[in-house]
Participant: 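For reference, the structure I am asking about is given below.
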Amino acid sequence: MLESLQDGLQSAFKTLRGQGRLTESNMREGLKLVENALLEADVSYDVVKAFMQDISDKAVGQDVLKSLKPEQQLVGIVNEALIELLGGDSDPTLHLKQDVTVLMMCGLQGAGKTTTCGKLARLIGQDGKKALLCAADLQRPAAVDQLHIVGKSVDTPVYSEPGATDPIAVCQNAVKHARENGIDVVILDTAGRLAIDEELMQQLKTIDLKVHPDKAFLVVDGMTGQDAVNSAKAFNNALDLNGVIMTKLDGDARGGALLSVKQVTGVPIKFIGTSEHMDGLEPFHPDRFASRILGMGDIQSMFEMA
Amino acid sequence: EKTRRLLNTDIRDLFKAEGSLVDEELLDDIFAILIRTDMGAGPANQIKDRIARDFRGRVVHTEDILKNIQDELSGLMQQDQEPIKMAAEGPTVILVVGVNGAGKTTSIAKLTRWFIDQGNSVVLGAGDTFRAAASEQLSIWAERLGATIVRGEPGSDPASVAFRAVDEGINQNADVVIIDTAGRLQTQKNLMTQLDKMRRVIGKKIEAAPHEVLLVLDATAGQNGISQAKGFSDAAQCTGIVLTKLDGTAKGGVVVPIRKEFELPVKFIGVGEKPEDLTRFDPEAFCNALFAAP
Ligand SMILES: Nc1nc2c(ncn2[C@@H]2O[C@H](COP(=O)(O)OP(=O)(O)OP(=O)(O)O)[C@@H](O)[C@H]2O)c(=O)[nH]1
Ligand SMILES: Nc1nc2c(ncn2[C@@H]2O[C@H](COP(=O)(O)OP(=O)(O)OP(=O)(O)O)[C@@H](O)[C@H]2O)c(=O)[nH]1
Ligand SMILES: [Mg+2]
Ligand SMILES: [Mg+2]
């Protein structure tokens, strides 16, 4: 239904060709189509609302260019604004310190934290640094086993304490172990939790306070819908996030929740997960992601056709 | 700012006791609340248009509009009395499918508990031979709950695990066999074909099996849920949905268009990570919660 944004816009602007100005009334239908496309991509309602106001302000009053069709002109404006919002400060590096760098992964249940820990460890290993995975999920059955298997597959040691019940102590001990063993980066695999689970959110804050991770990354499922704003806000309030990683983008999810998360947290988007395998982590490209959200494939080529 | 505030209020607060004028602004506010449920722009626009048609320019009372929307939605979401059709004889075989991390394995633990509480014996098939420690995860649940488990080596053929699990169910004269599968995205053709193979292998043991194919859907999912329902139904002929993670702030409203388009009923909801955190789907309660403040 969404490949049709382009078709829809074409017919919406049938009557407006190489003449006049973009006005509120001749844009109404086109803007409505863009709004629906963003909602269908799971961008949250209030983010869409603010974004559309911004687009309308930018577009209305512009002369319809001779060289472009009006729908191209609108898509161009939308695309540019999306890229700016998503990636003004995009920065796919981890900024490792000389000393031990501690990265903490957090997020809702099943988002892809443990898998992403492995992917990051692999990346760090490729840079010639030594990573240590820390099994801080003492909740989910076999979470520690899972991390051990993941660690093995990326040649990275795993710190875990059999029978442990306090994740905070495990994290502290892992960092100590890292300092004593010449490890460069410790990656904390925390348990999944709901943003409204006060006890578990408090536990994250305590880890933050006592273990002092250098970076806290929120792992977000690429298929997330409108709720993205609620959880991102809560995790950001608890931890002052330093980055976002969106997973499971190897399917057909449009990933519009990433725009919502970006808007409410303001933190840079670091990587995207594109496979269950350990090599499925890619740097974030705002331009590609904007096309994905709009469901328009390659927007650049649309302009070349003009 | 107004929108933000409204997004945090119950739809009921939109309507003053003395009634409110149904105008463009009010319609937009209702639209926002509908969208927030994840039902999607299409269904939300339809409902909004209908309210506009029936009520525009009139002063309405909360109950009128609310009843209107909720009645329609819970009517749509009605389902059979019995969530699981038990086989007339021999074990009832249930295949559990869904995207990565949706809550399949945990939902199997919950279903196991549900069946055991009703006096049924359960055999589990650890058909996820792919994900790290997936079979360990299910084994822990099997042990805690008192179910038999059939496992395979990591990387082995999931269809053969399914076959052996059904076999074990028959041998033990078990009431229920539940088979776990690896998470997969509906766009992964090969992996989706594998589900069909599992179905066929199970069918060789018991002709009518699998009796149920449950799609596990994460309530935090947005519009991709529709694609999931389509992809998994096409590949594995799903008979119902288990909607998980409804204990969070997500509403799970994507099951509304799914019910409309694919006639796929929600059978159970998951409301936590423990085996007892499963309940039968209740259309009225679900539709009321759709509009509750987060
Ligand atoms: N297709 C795909 N699957 C992924 C990706 N990242 C993770 N997964 C899968 O998603 C599922 C959940 O991943 P985990 O890493 O266990 O998620 P988690 O956040 O650690 O889960 P909890 O610890 O239970 O909260 C697994 O089946 C992973 O293989 C990705 O980028 N693409
Ligand atoms: N809050 C909450 N968490 C849930 C619920 N159901 C499952 N979970 C959690 O979600 C995470 C993923 O659950 P799993 O059962 O491993 O999901 P899965 O679909 O089997 O995952 P893969 O096999 O990796 O595809 C775990 O941390 C579960 O504890 C639920 O109803 N509510
Ligand atoms: Mg994990
Ligand atoms: Mg599983």
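Per chain, numbering begins at 1; letters A, B, ... match sequence-line order.
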Participant: For the interface with chain A, which of B:Gly42, B:Gly253, B:Ala132, B:Ala44 has the highest count of heavy-atom pairs at distances below 4.5 Å?
Facilitator: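 Top option by heavy-atom pairs under 4.5 Å: B:Ala132.
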Participant: Taking side chain as everything from C-beta outward and backbone as N, CA, C, O, which of these in A:Gln109 sits under 4.5 Å from a heavy atom of chain B? Side chain, backbone, both or neither.
Facilitator: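 Both parts, backbone and side chain.
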Participant: Roughly how far, to the nearest 0.5 Å, is OG1 of A:Thr224 from CG of B:Asp218?
Facilitator: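 Taking CG in B:Asp218 and OG1 in A:Thr224, the distance rounds to 7.5 Å.
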Participant: When heavy-atom pairs shorter than 4.5 Å are enumerated against chain A, which of B:Asp38, B:Thr37, B:Asn45, B:Leu138 gives the highest number?
Facilitator: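 Ranked by heavy-atom pairs under 4.5 Å with chain A, first place is B:Asp38.
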Participant: Name the member of A:Thr115, A:Asp145, A:Leu194, A:Thr114 that forms the most heavy-atom pairs with chain B at distances under 4.5 Å.
Facilitator: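 Ranked by contacts with chain B, first place is A:Leu194.
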Participant: Pick whichever of A:Gly118, A:Gly110, A:Ser44, A:Ala228 has the most heavy-atom pairs under 4.5 Å with chain B.
Facilitator: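 When all of A:Gly118, A:Gly110, A:Ser44, A:Ala228 are compared, A:Gly110 has the most.
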Participant: Under 4.5 Å, counting heavy-atom pairs only, tell me which of B:Thr244, B:Thr105, B:Thr187, B:Thr106 racks up the most with chain A.
Facilitator: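 Ranked by contacts with chain A, first place is B:Thr187.
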Participant: For B:Asp28, is it the side chain, the backbone, both, or neither that has a heavy atom closer than 4.5 Å to a heavy atom of chain A?
Facilitator: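 For B:Asp28, the contact with chain A is made by backbone and side chain together.
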Participant: Would you mind checking which part of B:Ile140 comes under 4.5 Å of any heavy atom in chain A, side chain (CB onward), backbone (N, CA, C, O), both or neither?
Facilitator: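 Only the side chain of B:Ile140 comes within 4.5 Å of chain A.
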Participant: If you apply the rule side chain to side chain contact (heavy atoms under 4.5 Å, CB included), what do you find for A:Gln146 with B:Glu136, and how did you get there?
Facilitator: CA-CA 9 Å; A:Gln146 184 189 2; B:Glu136 284 82 349; over 6 Å; no
Participant: Which region of B:Val254, side chain (C-beta onward) or backbone (N, CA, C, O), has a non-hydrogen atom less than 4.5 Å from a non-hydrogen atom of chain A, or is it both or neither?
Facilitator: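 No part of it gets close to chain A.
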Participant: Once rounded to the nearest 0.5 Å, what's the spacing between atom CD of B:Gln186 and atom CE of A:Met223?
Facilitator: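 Going from CD on B:Gln186 over to CE on A:Met223, the span is 7.0 Å.
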Participant: Please check if atom CD in B:Glu143 has more than 12 non-hydrogen atoms from other residues, nucleotides or ligands closer than 6.0 Å.
Facilitator: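 At most 12 heavy atoms, drawn from other residues, nucleotides or ligands, come within 6.0 Å of this atom.
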Participant: If I take atom CD from residue B:Glu273 and atom CG from residue A:Asp197, how far apart are they, to the nearest 0.5 angstrom?
Facilitator: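 If we round to the nearest 0.5 Å, B:Glu273:CD and A:Asp197:CG are 8.5 Å apart.
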Participant: Counting only heavy atoms not in A:Asp57, do more than 12 fall under 6.0 Å of its CG?
Facilitator: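 Yes, enclosed.
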Participant: Less than 4.5 Å apart, any side-chain heavy atom of B:Ile35 and any of A:Gln226?
Facilitator: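 Sidechains of A:Gln226 and B:Ile35: in contact.
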Participant: With a 4.5 angstrom heavy-atom cut-off, which part of A:Leu39 approaches chain B: side chain, backbone, both or neither?
Facilitator: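 For A:Leu39, heavy atoms of backbone and side chain both lie under 4.5 Å from chain B.
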Participant: Rounded to the nearest 0.5 Å, how far apart are CG of A:Asp221 and OG1 of B:Thr220?
Facilitator: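 Result: 6.0 Å between the selected atoms.
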Participant: Around atom NZ of B:Lys260, are there more than 12 heavy atoms of other residues, nucleotides or ligands at under 6.0 Å?
Facilitator: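 Enclosed: over 12 neighbouring heavy atoms sit under 6.0 Å from NZ of B:Lys260.
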Participant: Where do A:Asp227 and B:Arg36 land on the side chain to side chain contact (heavy atoms under 4.5 Å, CB included) test, with the steps shown first?
Facilitator: CA-CA 8 Å; A:Asp227 188 53; B:Arg36 200 180 50 158; over 6 Å; no
Participant: What's the spacing between A:Lys49 NZ and B:Phe31 CZ if we round to 0.5 Å?
Facilitator: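 Between atom NZ of A:Lys49 and atom CZ of B:Phe31 there are 8.0 Å.
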Participant: Can you find a heavy atom in the side chain of B:Arg131 that is under 4.5 Å from one in the side chain of A:Ile149?
Facilitator: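 No - every pair of side-chain heavy atoms lies 4.5 Å or more apart.
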Participant: Verify, without hydrogens or angle tests, whether A:Asp42 (side chain) and B:Gln223 (backbone) share a donor-acceptor contact under 3.5 angstrom.
Facilitator: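 The answer is yes, because a donor-acceptor pair under 3.5 Å joins these two groups.
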Participant: Answer whether the closest heavy-atom distance between the side chains of B:Arg144 and A:Pro141 falls below 4.5 Å.
Facilitator: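 Side-chain contact under 4.5 Å: yes.
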Participant: About how many Å separate OG1 of B:Thr249 and CG of A:Leu108, when rounded to the nearest 0.5 Å?
Facilitator: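 Atom-to-atom, A:Leu108:CG and B:Thr249:OG1 are 8.0 Å apart.
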Participant: Specify the closest pair of heavy atoms between A:Asn36 and B:Ala41, including all atoms of both residues, with the distance to one decimal.
Facilitator: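 Between these two residues, the closest heavy atoms are OD1-CB, 3.5 Å.
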Participant: Between the side chains of B:Asn224 and A:Asp252, is a donor N or O closer than 3.5 angstrom to an acceptor N or O?
Facilitator: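 Yes, a side-chain donor-acceptor pair sits under 3.5 Å.
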